[in-house]
There are 2 protein chains.
Amino acid sequence: MVKQSGKRRAAVPAPDGDTERQILDAAHRVFLRSGTAGARTQEIAAEAGVNSALLHYYFRTKERLAAAVFHRAASELFPVVAGVLASDAPLEEKARKVIAVELERLSRTPYLPAYVISELAYHPDRFQQLLAALTGGRPGAVGQAVLSKIQGQIRAEVRAGRMRPISAEQFLVNLLSLCIFPFAAQPMLAALLGLDGERFSRFIHDRKRELPEFFMKALRP
Amino acid sequence: MVKQSGKRRAAVPAPDGDTERQILDAAHRVFLRSGTAGARTQEIAAEAGVNSALLHYYFRTKERLAAAVFHRAASELFPVVAGVLASDAPLEEKARKVIAVELERLSRTPYLPAYVISELAYHPDRFQQLLAALTGGRPGAVGQAVLSKIQGQIRAEVRAGRMRPISAEQFLVNLLSLCIFPFAAQPMLAALLGLDGERFSRFIHDRKRELPEFFMKALRP
DNA sequence: GTCTATATGTTGATAGAC
DNA sequence: GTCTATCAACATATAGAC
């Protein structure tokens, strides 16, 4: 990002990959663990195996580093789902696919939802600027495209008598709520319902099978 | 909490209520706005109309103040729902009631979910210690009681042919997801689907009517 | 590119007068 | 109880040698 030199350094310093990515990876872990405000650049540098001066050499400020991490985190969370939802597949297939993909992905990065929610709550501007970067200037364009696509499909299903009326917004929010919330609230569920560690994994495992039926059933006329 | 003196001061200093509560109220607002790590005690003091020395007089450390605020925030979020769920009302009525109560309450304090989720993610110990305080030593007791209560009711409904089988955990998580997530993710929905300000309010307004049907329908055999 | 050493600015917290 | 003034500890960021 800041680096321009293409010159490869001699064998010693970087164990694997280039340093910039190592710092970014470390920042990713630390920010997701402690939150942006709670994280310390010094801790990130230590976790990356470098000192904090080098961190500032690659990313000028903590803020820029935070933006880069958020960008990467959000980019691996949204595009997949957006792709599925904007496709031409039948509505029911989309829902099943989204559930499968989301539960699978979030099982591997369970801290992502809480991190994204926190960032959005305390730093709403970051998201706007990310959307602008992703969609090239017109934020909300992807969302609107998905919405009208879904809306059209719902209307068709309703006319065919296979579904009862529901707005595209409610449809989408219901779907995302059921997929994402359990991960965002995992610590709460652990304390409240005892869903910690292995029990949570089993819970999600069961959910992959049960949630599609639950969701589709709710939409039938 | 720290204050012992019952002596009332002369008319001048405190505009309304006692100072301790004013500080707590200010802390509540600031912590919910900026997150615990991002908030500054100085900002809290300013918002409370006092200086930061007085803040430390009442609450010795920022950490204690944060715990007090989280305690209060969580206490106004959970007990109501727990009360409904643990009651002897029929299952369907409980679900409707929870949806109505939650959507109504969160409409008035929309930042609460994101704050609680953030706190839990970055400060899981706080919740344990809160639960211990609330339930007098045995954390998870309330949750377990609710779970087995619900589990029993589900079994009865299933036997009566009015509901298809579902574990109490999935039942509860589905219900809470659908109620809480929209508020936790509001900034995301605003950026993505254009659900900001007035449009979000209307979305929630519609949701109060539509969600009970959606949820109940999903459970029918 | 990477390090050591250091500057600069905040921040949480305390001392002590009133 | 409430204030002014101040401290000590960090955390971010930079300078400059290698």
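In the text below, chain A, chain B and the rest are named by the order of the sequence lines, each starting its count at 1. Just so it is clear, the structure is predicted and the values come from calculations on it, not from any experiment.
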### Message
Without decimals, in angstroms, what is the distance between E63(B) CD and dT11(C) P?
### Response
18 Å

### Query
Hey, does the side chain of R60(A) come within less than 4.0 Å of dT12(D)'s phosphate (OP1/OP2), counting only N and O?
no

### Task
Give a yes/no on whether any side-chain N or O of R40(B) is located under 4.0 angstrom from OP1 or OP2 of dT10(C).
no

### Query
Has Y57(A) got a side-chain N or O lying under 4.0 Å from the OP1 or OP2 atom of dT14(D)?
no

### Query
Starting at CG of L54(B) and ending at P of dA15(C), how long is that distance when rounded to a whole Å?
16 Å

### Task
Measure the distance from NZ on K62(A) to P on dG9(C) and round it to the nearest whole Å.
18 Å

### Query
Is the phosphate of dT14(C), meaning OP1 or OP2, less than 4.0 Å from a side-chain N or O of H56(B)?
no

### Task
Report the distance from atom CD of Q42(A) to atom P of dC10(D), rounded to the nearest whole Å.
10 Å

### Query
Rounded to the Å, how far apart are N51(B) CG and dA5(D) P?
11 Å

### Query
Between OH of Y57(A) and CG of N51(A), what distance do you get to the nearest 0.5 Å?
13.0 Å

### Task
Please assess R202(B) against E169(A) for the test salt bridge (Lys or Arg N to Asp or Glu O under 4.0 Å), listing each intermediate value before the final yes or no.
CA-CA 11 Å; R202(B) 272 206 302 277; E169(A) 284 90 349; over 6 Å; no

### Task
For a side chain to side chain donor-acceptor pair (under 3.5 Å) with D88(B), tell me which candidate from Q153(B), K149(B), K94(B) qualifies.
K149(B)

### Query
Can you tell me how far the OH atom of Y58(A) sits from the OG1 atom of T19(A), to the nearest 0.5 Å?
4.0 Å

### Message
I want to verify a distance call: between dA13(C), dC3(D), dC3(C), whose nearest atom is closest to the A53(A) side chain?
### Response
dC3(C)

### Query
Closest to the Y58(B) side chain: dG1(D), dC3(D), dT11(C)?
dG1(D)

#### Entry: Under 4.0 angstrom between T19(B) side-chain N/O and dT2(D) OP1 or OP2
yes

### Task
Using whole Å, report how far CZ of R64(B) lies from P of dA13(C).
10 Å

### Task
Look at all strands and tell whether A39(B) reaches a base, only sugar-phosphate, or nothing, counting heavy atoms closer than 4.0 Å.
sugar-phosphate

### Distance flag, aromatic centroids of F183(A) and F200(A), threshold under 6.0 Å
yes

### Message
With a cut-off of less than 4.0 Å, is there a side-chain N or O of T41(A) near OP1 or OP2 of dT12(D)?
### Response
yes

### Task
Starting from P on dG1(D), measure out to CD on E20(B) and report it in whole angstrom.
9 Å

